[in-house]
Every structure is written in C-alpha cells, then in structure tokens.
Asks: 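Structure incoming, see below.
In what follows, every heavy atom counts, from backbone to side chain, and hydrogens, waters and symmetry copies are set aside. Being a predicted model, the structure only gives us computed values, none of them experimental. Here is how names work: the chains are called A, B, and so on, in the same order as the sequence lines, proteins then strands, and each is numbered from 1.
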Amino acid sequence: MDFVETLLTDRLRSAVATVLGPGHAARDLQVRSATRPEFGHYQTSLPLRLAGPVADSPRRIAERLVERLDVEDVCLPPAVQGAGFINFTLRPDFLARRVNEILRDAALCVPRGEPQRVVVDFSSPNVAKQMHVGHLRSTVLGDVLARVLAFVGHDVVRQNHLGDWGTQFGMLIEDLLEEGHDGADLDLAGLDAAYRSARTRFEADAGFAVRARARVVLLQGGDRGTLAVWRRLVATSLTAFDEVYVRLGVELDEHDVAGESRYNADLPRVVDDLLAAGLLTESAGALCAFLPGFTTRDGSPLPLLVRKADGGFGYDATDLAALRYRVEELRADRLVYVVDVRQSLHFEQVFALARAAGWLPERVATDHVAFGTVLGEDGKPFKTRTGATVPLVSLLDAAQERATALLDDRGSTLQGAAREETARAVGVGAVRYGDLVNGLGRDYVFALDRMVAMDGNTGPYLQYAHARSVSLLARAGGSGDVVTLLREPAERRLAFAVTGFPGAVAAVAETLQPHRLCAHLHQVATALSSFYEACPVLSAEAEVRASRLALCRAAQRVLAVGLELLGIRALERM
RNA sequence: GCCUCCGUAGCUCAGUGGAUAGAGCACCGGACUUCUAAUCCGAUGGUCGCAGGUUCGAAUCCUGCCGGGGGCGCCA
C-alpha cells in the first residue's frame, strides 16, 4: 500500500506532464499534509513554484492542473484556494477502505523496505557501577529504534557496548582484594560503593596508587586470579543490568553484550593495519591519526589517539575495532550509535578514519543518534541533592509509586497483584514515554509529575485510551469488522489519524526520531477520545454500530502496536 | 579562540521554503443517571532572540550580532 501522499503525487505528476510537459513533472511536487483542517487532508503549493518557469499565474496553473487531475477515486474534487494552492480532501469511502486495509493487515500496512542488517549500539552501562539516569536515554531510545527497524523488515543486531575494561578495574580489583573481598560477595550497589572508595584512596594514598597500577598490568596481562575477580564483577553487573532491562521492558540480554573487553585482542591489529596504511603519526610518544578538517583549540591538527604514550589503548581504538567487527563479522549495512551528543566529534573522527582506512565501505551508512542530557528541575544535569548520580531503579520506584497513587485517585477497581502490575506498567511507561516524546539532540528536564500525569501527551493517557477501547470492544462482543460509514466529522478525523500510522512508523525508521511516533499516537488517542464523545457506538443503529466498532478496533490496533514499538505495555484494564 | 547545537505562547516543547505558526500543561468558561470524565468542547495567550540578505513567499536557507548548552591530545 502506498502512502496517500505518494498516490496523490503520482496523479499530480501525470497531470503536470500532460498540461505543462514532462520537464516540469520531474521536480518534487511537495504534496504535504494540510496545514489547517479547512484545507482538507493534503495540500500542495506546486502552482506557486511553477509560476515563474511556466510564466503564468499560480491560480491559472492550479486551475489547469485540477482540470486534468484524475483523483476521483481518492478524493473530492480538488479545490484551488488562496494564492494558488491545490487542496485535497479524501473521500469518506476511500478513508474507510484505507482503514479496513490496515485493520486486515498484521503489520498495519507499515511498508517493508529493502531489508538491511542494522547494528544498533545502545545502553552501554559500566561494569561495577549502577545504571543511572544518564543511561536512560540511550537504553530507551536504542530499544525503540531497534524495535522499529525490525518492524519495518530490517535484520537488527543489538550491541550492548559495555564499559567492562580499562585501568579503573585495576584500581577496583586491588581495593577489593586488599579489603578481603573476592568480587562475588558484593552486589552491584556494593561494587559501586567500593569503586568510589577505591577512587578516593587512589588519589590520597600513593602506595595504593602504585599497587593499583601494577594490578592493571596483571589484569591486562591475563593473570588468572585477577581475571577471575574481574569476571565476577562482570557477572554481578550483568545480572543487575538484566533486572533493570526486564523492568524497563528493554529487549536486550546477555547475547547482545559485546563489551569493550571483547575487542582487547584486536587493538594491536588495529594499530598495525593503520600503520601499514600510513594513517598514523607519532606525536609525543602516542600514535595518532591526523585527519583533514579536525583541529584543536589552538588551531593545530586534532588527533585521534589510537595508542597512548604509555602503550595503552583508549576508547578511540576500541571503537575502531568494534566498528570493524560490526562491518566485517556482523556484516552490517548500517551502523546506528545511540550515544550522547557530546560524543559527536569523537564519532565524526572515528567514522572518518574508518572510511580512510577502507573499513567502512561506501555502502555502509553510519548514524550517530545524538541525544541531549537529562536535567533536574534546576536545569542542571540530574543529580541528587548531595551531587550523586541517581540510580535508574530509584527513579522507576518513584514512578511506580506515583502510578499507584494515580490509579487510586482515579478510582481504579484493580486490586492486589493486578493493581501492582498495572502500576508498574504505568510508571515505567510514563518514564519511557516522557523520554521518547522529547526531540533528540536537546536536553530535557526530568519531571516525574508531568510524566505520570493523567492529562496531556503522556504514557498514561495513551494507555488509558487503549484500555478504554479494549473495554468497549469487549462489551460489544466481537461484532464489527469493516468500516462502511464515515458520516460524522469525529469519525473521519479518527479514520484519517489511523491511516497516518504506516507513514509515522516509516518516518521513525528513516529519521531515527521516535518522538514522531509519539506525536502520531497522541493524535490517534485524542481523535479516539473525541470520537467517543461525539459518536455513541454500542447504542447506535446496526450498520453504524458495526462500522464504528471496526473503526474503534482499528484505533485500538494502532495504539497497541504503536505502544509495543515504544516498548510500553498496551494495558487492557486500568 | 575555533567547532557545534539551541533561542518559538506564562511553562514544557513540536514544526518538511508555503495560506491566519501548532500541541500539551497552567489559567478561564462549559459538559459526568458514562461506552472507563485518567475524558471531551470552547476561550485567552506570539515582534518565532536581534538586524540584514536570498525568494513571489522565511520560524525554516545565508551573513552578522546578542544570549545559553556542549565539545576541542593521552578519562570514556
């Protein structure tokens, strides 16, 4: 099924070719959603742009085009309005047909593109540290993008690029051993605390610093005892991360883990190959790649530090190795990195060097999904009053607590386990939606009160709209499969909203901007609520009743699948 | 200093070179013997940071300025 825009564009294109010649039909005809309801469903300003080239008035051109426009099966006679706009209003029977097609299709008519293997890098917490609010965006955005890309037919490979390697582990392991721990006797919160105290000790105690550095050498050299402790740290961390993922509804498990340590053995090869390619320069003892177009603060060339002066490797080298693995071993056609916007320059450099080295062929696309920082109410990066990071679980606890209060406040009849389960889904859904609804790139303020609110563009609002539609359909008892009548404006508005779903999902797959899907689902939910007010369903006369039920079912399906793509549970009762 | 992102309603934010710039919240006025009112209907609210430029047409593209965030060699 083509998008309606595509359909109208094709028809318009033949009219342009007939009336003005094929030369003019080649341009982008710009059929867009109407900016105002009185302009119908779609509009184009093409005649305004053709006025110059054709040497005629926009309105004349519009009238000539409309004369030859064959769209009878799709919309009412197109109107020439304003300075030379052509407005399209879809026919109710066409809208009904579209809704029915969506209703019949398991994938809701979301088009499947040319299948690609897409590697999505997201979440990437650090071993021995609790996941905190800073991991929320990468985890949730990445999860949604992976879901959406898979839904449109791509072969998605999730990669959790765990921070599981580096000098800090020497410090932590040395501290643990000196304090009599074996690495398995502490949970993640305990490890997190130990990490902080080890850090303090490292800075205050010169003797410890020396032993910590020696421990790094042991770890990197593969010392058995040291490695054993390290493995326990990783295992403990993964178990805790998994709990958070399950609770958040994130589709990410241990099979998706490919941490920094995995690329450890590849790092010398990365250096060798870059050296052989003549891409590295020695500078102050380090091996650097100086790429054209990158400069530092004083205007000198900005290096990518592939090997540090002490012989160690930084994350530049690790990211290069990971990129190479993803292209060569995972056979990626597209690499998506869901990582903080502050790493933009880093990724530009890594991609540029990989292209120069021939590790990133032209056919492989790269996307850095760069998102902004989560801020506290004070407008500064979200921290506790004492300046510590906020564990993700405590946020989810708070959200769930508020969701429970919300259910009680709204007189929910749910009790016991069902009540708790629902509160959990509402709380998590609120946090996820509150994150996803924001545009990428910019910072946003984490305001739990707004996220868990019943009003407005929130997760609970969408879940409620869904639950309500399920409830109505259940009462109706299964009748109503086909939309046949769309007489009321509220019915048409809802039908039109439903038909926008395939385009909204496709837009997210293309632009990697989940907030577009949020906006669309919110539109469907509000149209559904208005429809309830204006159009009685169960008490309506037989044919109207059946048609309205089908429309309702279509909206319910869109909300259910849409929420699923956002990783939010489409509840049946609230 | 250079690079980059941002500045849109009181607040939080959408916005693809097109018509009178949109949502949500808040505020104000209505609608509950319900299909779950967690809702709906309506009203108020704007020099799109400022100034130029390109264009038939600019929140959108270009330049400059003002204000803010972020980044800019051995942390990741």
Side-chain angles (χ1 to χ4, degrees), chain A residues 30 32-36 38-39 43-46 48-49 51-52 58 81-85 87 124 126 163 166-168 260 283-288 293-310 312-316 318-319 340-346 348 370 372-373 375 379 406-407 409-413 426 437-439 441-445 447 449-450 453-458 460-461 463-465 467-476 490 507 515-516 518-519 522-523 525-526 528-539 548 552 573-574:
Chain A
Q30 293 190 8
R32 299 285 142 84
S33 308
T35 49
R36 303 171 64 83
E38 59 263 40
F39 300 149
Q43 66 178 40
T44 180
S45 57
L46 181 69
L48 288 143
R49 280 171 292 119
Q81 289 174 318
F85 292 89
N87 295 331
S124 309
N126 297 314
T167 52
Q168 70 273 24
E260 293 172 345
S283 171
L287 285 175
C288 306
F294 295 96
T295 53
T296 67
R297 122 185 20 215
D298 55 10
S300 58
L302 175 70
L304 195 68
L305 260 161
V306 181
R307 198 178 71 195
K308 297 188 283 188
D310 64 4
F313 301 97
Y315 81 140
D316 290 333
T318 311
D319 277 347
D340 195 299
V341 68
R342 284 172 290 194
Q343 309 238 3
S344 295
L345 180 58
H346 165 68
E348 276 177 46
T373 307
L375 306 176
L406 184 66
L407 291 177
D409 186 46
R410 296 294 154 174
S412 172
T413 54
V426 171
V437 75
N438 293 290
R442 75 156 70 188
D443 303 341
Y444 80 89
V445 174
D449 285 326
R450 200 168 62 232
M454 50 285 300
D455 307 312
N457 191 1
T458 64
Y461 176 83
Q463 287 174 314
Y464 174 71
R468 208 174 160 192
S469 66
V470 169
S471 166
L472 177 61
L473 292 166
R475 277 173 184 271
H515 80 273
R516 287 165 178 259
C518 295
H522 180 250
Q523 195 189 328
T526 51
L528 183 60
S529 295
S530 300
F531 163 79
Y532 283 139
E533 295 291 328
C535 305
V537 178
L538 298 180
S539 59
R548 286 181 178 169
C552 209
R573 292 178 62 203
M574 283 180 77

Asks: Considering every strand and a 4.0 Å limit on heavy-atom distances, what is the contact class for A/L407: base, sugar-phosphate, or nothing?
Replies: base
Asks: Tell me whether A/F39 and B/A19 count as stacked here, given that the ring centres must be under 5.5 Å apart and the planes must differ by less than 30 degrees.
Replies: yes
Asks: Can you tell me how far C1' in B/A9 sits from the matching atom in B/G22, rounded to whole Å?
Replies: 10 Å
Asks: Scan A/P536 against the nucleic acid and name what it touches under 4.0 Å (heavy atoms): base, sugar-phosphate only, or nothing.
Replies: base
Asks: side-chain contact (heavy atoms from CB on, under 4.5 Å) for A/Y444 and A/V437? Distances and angles first, verdict last.
Replies: CA-CA 10 Å; A/Y444 80 89; A/V437 75; over 6 Å; no
Asks: Under 4.0 Å between any heavy atoms, over every strand shown, what does A/C535 touch: base, sugar-phosphate, or nothing? Just pick one.
Replies: base
Asks: With A/N87, which residues qualify under side chain to side chain donor-acceptor pair (under 3.5 Å), at least two apart?
Replies: A/Q81
Asks: Could you measure between the two C1' atoms, the one in B/U4 and the one in B/G17, and give it in whole Å?
Replies: 24 Å
Asks: Convert the base pairs of RNA chain B into dot-bracket notation, remembering that pairs crossing earlier ones are written with [ ] and that bases paired across to another strand are shown as |; include only Watson-Crick or G-U pairs under 3.5 Å.
Replies: (((((((..((((....[...))))..((((.......))))......(((((..]....))))))))))))....
Asks: Considering all heavy atoms of both residues, which atom of A/T296 and which atom of A/P301 are nearest to each other, and what is their separation?
Replies: CG2-O, 3.6 Å
Asks: Figure out the CG/P separation between A/N457 and B/C25, and round it to whole Å.
Replies: 9 Å
Asks: I'd like to check the side chain to side chain contact (heavy atoms under 4.5 Å, CB included) partners of A/R307; sequence neighbours left out, ordered by chain and number.
Replies: A/V271, A/L287, A/F313
Asks: Could you tell me how far apart A/Q30 (CD) and B/G15 (P) are, to the nearest whole angstrom?
Replies: 18 Å
Asks: How does protein contact run along nucleotides 39-45 of chain B, one letter per nucleotide 5' to 3', with B for base contact, S for sugar-phosphate only, - for none, heavy atoms under 4.0 Å?
Replies: BSS----
Asks: Using the six-membered ring wherever Trp is involved, compare the ring planes of A/H346 and A/Y315 and label them parallel, tilted or perpendicular (cut-offs 30° and 60°).
Replies: parallel
Asks: On a whole-Å scale, what distance lies between the C1' atoms belonging to B/C27 and B/G45?
Replies: 10 Å
Asks: Would you indicate what A/A467 reaches in the nucleic acid, counting non-hydrogen atoms under 4.0 angstrom: base, sugar-phosphate, or nothing?
Replies: base
Asks: Should the side chain of A/R573 and the base of B/U36 be counted as holding a donor-acceptor pair, with the cut-off at 3.5 Å?
Replies: no
Asks: Rounding to a whole Å, what distance do you find between A/H522:NE2 and B/A38:P?
Replies: 16 Å
Asks: In B/S/- notation, 5' to 3', how is nucleotides 70-76 of chain B contacted by protein heavy atoms closer than 4.0 Å?
Replies: SSBBBSB
Asks: Tell me the closest heavy-atom pair linking A/T35 and A/F39, and the distance in Å.
Replies: OG1-CD1, 3.7 Å
Asks: Base, sugar-phosphate or nothing for A/R32? Non-hydrogen atoms, less than 4.0 Å.
Replies: base
Asks: Taking the C1' atom of each, how far is B/G15 from B/G7, in whole Å?
Replies: 15 Å
Asks: Classify every nucleotide of nucleotides 3-11 of chain B by which part a protein heavy atom approaches to under 4.0 Å, writing B for the base, S for the sugar-phosphate alone and - for neither, in 5'-to-3' order.
Replies: ---SS----
Asks: Between B/C61 and B/G68, how many Å separate the two P atoms, rounded to a whole number?
Replies: 23 Å
Asks: Say we look at B/G67 and B/C25: how far apart would their P atoms be, to the nearest angstrom?
Replies: 36 Å
Asks: Using atom P in both nucleotides, what's the gap between B/A58 and B/A19 to the nearest angstrom?
Replies: 10 Å
Asks: Starting at CD of A/Q43 and ending at C1' of B/U16, how long is that distance when rounded to a whole Å?
Replies: 11 Å
Asks: In this structure, how many angstroms lie between the P atom of B/G57 and the CZ atom of A/F85, rounded?
Replies: 14 Å
Asks: Which whole number of Å gives the distance between the P atom of B/C40 and that of B/G24?
Replies: 8 Å
Asks: Please name the pair of heavy atoms, one in A/H515 and one in A/N438, separated by the smallest distance, quoted to 0.1 Å.
Replies: CB-O, 3.7 Å
Asks: A/R516 CZ to B/A14 P: how many Å, rounded?
Replies: 12 Å
